[in-house]
There are 2 protein chains.
Amino acid sequence: MTSMKINTPKTRIQRKNTQAILDAALEVFSRQGFRGATLDQIATEAGLSKPNLLYYFPSKEAIHVTLLTQLMTTWLDPLREMDAAGDPTEELLGYMRRKLEMSRDFPRESRLFANEILQGAPRMIGALEGELRDLVEEKSTVIRGWIAAGKIAAMDPHHLLFSIWAMTQHYADFDVQVRAVLGPGHDPLAEAEGFLTTLFTKLLRPE
Amino acid sequence: MTSMKINTPKTRIQRKNTQAILDAALEVFSRQGFRGATLDQIATEAGLSKPNLLYYFPSKEAIHVTLLTQLMTTWLDPLREMDAAGDPTEELLGYMRRKLEMSRDFPRESRLFANEILQGAPRMIGALEGELRDLVEEKSTVIRGWIAAGKIAAMDPHHLLFSIWAMTQHYADFDVQVRAVLGPGHDPLAEAEGFLTTLFTKLLRPE
DNA sequence: TGCTGTTTTGACCAACTGGTCAAGAACACG
DNA sequence: CGTGTTCTTGACCAGTTGGTCAAAACAGCA
């Protein structure tokens, strides 16, 4: 019972390798999906041998689940930050911008999420019907309050949130298509910010 | 040289089985992506044996390419239909509605497309930079004309199209998430039509 | 009915997959 | 240093994968 270091379970080397593995796995899973990804690809990407991967994680699935769990938290943070006491339009536009920043800064996470949902969310359906649903319900109530107060135009809060998700994540998930259509010499995310600000401003404006 | 039936290369049975294979493959590829899908899954889904699949198609990749090629045509049709001579707002709303109908009627095709793009569009990048880009350029010119004529509000035509794609395809690709958030007793696509009609009406309205 | 071309399949293969294991290499620390 | 612990790896395994092939089953037609 002496010196149980439960709160310091990781050595330097463990932290470094665990991180390298998760980073490599994010890269591979986000492109290939769970089934399409192989431990060899992840190991190579991480600069480790395959048995070494399995020294740090018990299975391929464990790596995937770890990524998905981490993702769920950071994914919902921008919505959590939306403040019921703030200016409605600014809060919603701010949320949209934070989501757009995430598409710019964490496109792999966005693709990982998209891949999981496309496959029917086998490892995430619980979180979707739990955490996510609860948070959306909470924020929907806030939005309905703003509508009732005449601060923003009347609309279904669910579909308002869907539209923010769809449009911001599109620039991460469909990046290849966006760039193919625009051709070189464009900064899609920068252009999107202006466009989406206008779009949501018009949508939200009362009357 | 007698009786070269070049224009009737398929017997009844060939047509039936080829179709069953493509249908099964669409189901599997659209969920698992190219790498994640297996010939066994496709064969089982199609009610055929694996060697029998390979009697009709030379390889897994050939099935995938066939699906992608067919998809590209039907995928672009709704945009092609947009008429430069029609009423601008009605044309754009009509395009949005046709895309939404495709999300309702062909969700597997939508997911197949999404999967391909997520993976970096390895087998489609040519079509994106060719056909798609050309069509978008053509329609962008039309939209710019409508803007110049004061028929709709000023905005970047590219991002307008992106926003239509993002919001309509979201209801097919993220169907699981949408339903998890809304809970039972909803018809997401029906609700979306009303929401998106309002959204795009406000966005397009001049002034 | 028998014949010819089409369709179907069981058996098979080499490459790949996720995962194991025992033994060795590197490390921390007294 | 020595020694116990942590870390790494080559060799290996059973199951899966895309794909082949020869032979069998079948369809259509004379």
Side-chain angles (χ1 to χ4, degrees), chain A residues 2-29 31-68 115 119 122-123, chain B residues 2-29 31-68 115 119 122-123:
Chain A
T2 54
S3 77
M4 276 179 65
K5 299 209 254 173
I6 285 183
N7 291 326
T8 318
K10 304 220 177 211
T11 69
R12 261 147 250 118
I13 213 164
Q14 273 174 350
R15 245 190 303 273
K16 192 195 70 174
N17 282 344
T18 309
Q19 197 46 51
I21 292 169
L22 288 175
D23 197 65
L26 176 58
E27 185 69 35
V28 178
F29 280 137
R31 284 286 183 201
Q32 311 279 2
F34 179 74
R35 288 221 36 172
T38 73
L39 288 180
D40 277 305
Q41 290 175 78
I42 297 173
T44 302
E45 181 88 20
L48 298 173
S49 68
K50 186 170 60 167
N52 208 3
L53 275 201
L54 294 162
Y55 172 75
Y56 290 101
F57 290 88
S59 68
K60 181 185 178 185
E61 182 155 13
I63 304 177
H64 197 238
V65 168
T66 302
L67 283 175
L68 249 31
N115 248 311
Q119 276 153 45
R123 289 161 241 275
Chain B
T2 54
S3 77
M4 276 180 64
K5 299 211 255 174
I6 285 185
N7 291 326
T8 318
K10 305 221 176 211
T11 69
R12 261 146 251 119
I13 214 165
Q14 273 173 349
R15 245 191 303 273
K16 192 195 68 173
N17 282 343
T18 307
Q19 196 46 52
I21 292 169
L22 288 175
D23 197 65
L26 177 58
E27 185 69 34
V28 178
F29 281 137
R31 284 286 183 201
Q32 312 280 1
F34 180 73
R35 288 222 37 171
T38 73
L39 288 179
D40 277 304
Q41 289 176 79
I42 298 172
T44 302
E45 181 88 19
L48 299 173
S49 67
K50 188 170 60 168
N52 208 1
L53 277 201
L54 293 162
Y55 172 74
Y56 290 101
F57 290 88
S59 69
K60 182 185 178 184
E61 182 154 14
I63 302 176
H64 197 238
V65 168
T66 302
L67 282 175
L68 250 30
N115 249 310
Q119 277 153 43
R123 290 162 239 274

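Values in this document were obtained by computation on a predicted structure and should not be read as measured data. Below, read A as the first sequence line, B as the second, and so on, with proteins coming before strands; counting in each chain starts at 1.
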| query | Could you give the NZ-to-C1' distance, from Lys16(A) to dC7(D), as a whole number of Å? | reply | 11 Å
| note | d(Gln19(A) CD, Tyr56(A) OH) to nearest 0.5 Å is 13.0 Å
| Length of the CD1-C1' vector between Ile63(A) and dT17(C), whole Å | 14 Å
| task | Under 4.0 Å between any heavy atoms, over every strand shown, what does Ala62(A) touch: base, sugar-phosphate, or nothing? Just pick one. | result | nothing
| message | For a quick test of reading the model: is some side-chain N or O of Arg35(B) closer than 4.0 Å to OP1 or OP2 of dG18(D)? | response | no
| request: Please report, rounded to the nearest Å, how far the P atom of dG19(D) is from the CD1 atom of Ile21(B). | output: 13 Å
| task | Please determine if a side-chain N or O atom of Tyr55(B) lies less than 4.0 Å away from the OP1 or OP2 oxygen of dT8(C). | result | no
| said: When you compare the side chain of Asn17(A) with that of Leu53(A), does any pair of heavy atoms fall below 4.5 Å? | reply: no
| Looking only at side-chain N and O atoms, does Gln14(A) come under 4.0 Å of OP1 or OP2 in dT6(D)? | no
| Looking only at side-chain N and O atoms, does Tyr56(B) come under 4.0 Å of OP1 or OP2 in dT8(C)? | yes
| said: If I take atom CD1 in residue Ile13(A) and atom P in nucleotide dT9(D), what distance separates them, rounded to the nearest angstrom? | reply: 11 Å
| note | Here the distance between atom P of dC7(D) and atom CZ of Arg12(A), to the nearest Å, is 11 Å
| query | Just to confirm, is there a sub-4.0 Å distance from OP1 or OP2 of dC7(D) to any side-chain nitrogen or oxygen of Thr11(A)? | reply | yes
| request: For dT8(C), take OP1 and OP2 only and decide whether either is under 4.0 Å from a side-chain N or O of Asn17(B). | output: yes
| request: Looking at every strand, decide which applies to Leu48(A) at a 4.0 Å heavy-atom threshold: base, sugar-phosphate, or nothing. | output: nothing
| field | Contact nearer the 5' end of DNA chain D, comparing Leu53(A) with Lys60(B) | value | Leu53(A)
| task | Applying side chain to side chain contact (heavy atoms under 4.5 Å, CB included), run through Phe29(A) and Ile63(A) and close with a yes or a no. | result | CA-CA 10 Å; Phe29(A) 280 137; Ile63(A) 304 177; 4.0 Å; yes
| said: Considering every strand and a 4.0 Å limit on heavy-atom distances, what is the contact class for Leu54(A): base, sugar-phosphate, or nothing? | reply: base
| note | From CZ of Arg15(A) across to P of dC7(D) the rounded distance in Å is 11 Å
| query | Nearest-Å distance, CD (Gln32(B)) to C1' (dT17(D))? | reply | 14 Å
| request: Please determine, for the side chain of Pro51(B), which listed nucleotide (dT9(D), dG18(D), dT20(D)) has the closest atom? | output: dT20(D)
| query | When rounded to the nearest 0.5 angstrom, what is the spacing between CD in Gln119(A) and CZ in Arg35(A)? | reply | 9.5 Å
| query | What's the CD-P distance between Gln41(B) and dG18(D), to the nearest Å? | reply | 8 Å
| request: Consider the side chain of Asn52(B), meaning its heavy atoms from C-beta on, and name the nucleotide among dT9(C), dG18(D), dG28(D) that approaches it most closely. | output: dT9(C)
| said: Using a distance-only criterion (donor-acceptor N/O pair, under 3.5 Å, no hydrogens), is the base of dG18(C) paired with the side chain of Lys50(A)? | reply: yes
| Value rounded to 0.5 Å, distance of NE2 in His64(A) from CD1 in Ile42(A) | 9.0 Å
| request: Between dT9(D), dG18(C), dG19(D), spot the one nearest the side chain of Thr38(A), thanks. | output: dG18(C)
| said: For the OG1 atom of Thr66(B) and the CG atom of Leu26(B), what is their distance to the nearest 0.5 Å? | reply: 12.0 Å
| query | What is the nucleic acid contact for Ala37(B), judged by heavy atoms within less than 4.0 Å: base, sugar-phosphate only, or nothing? | reply | sugar-phosphate
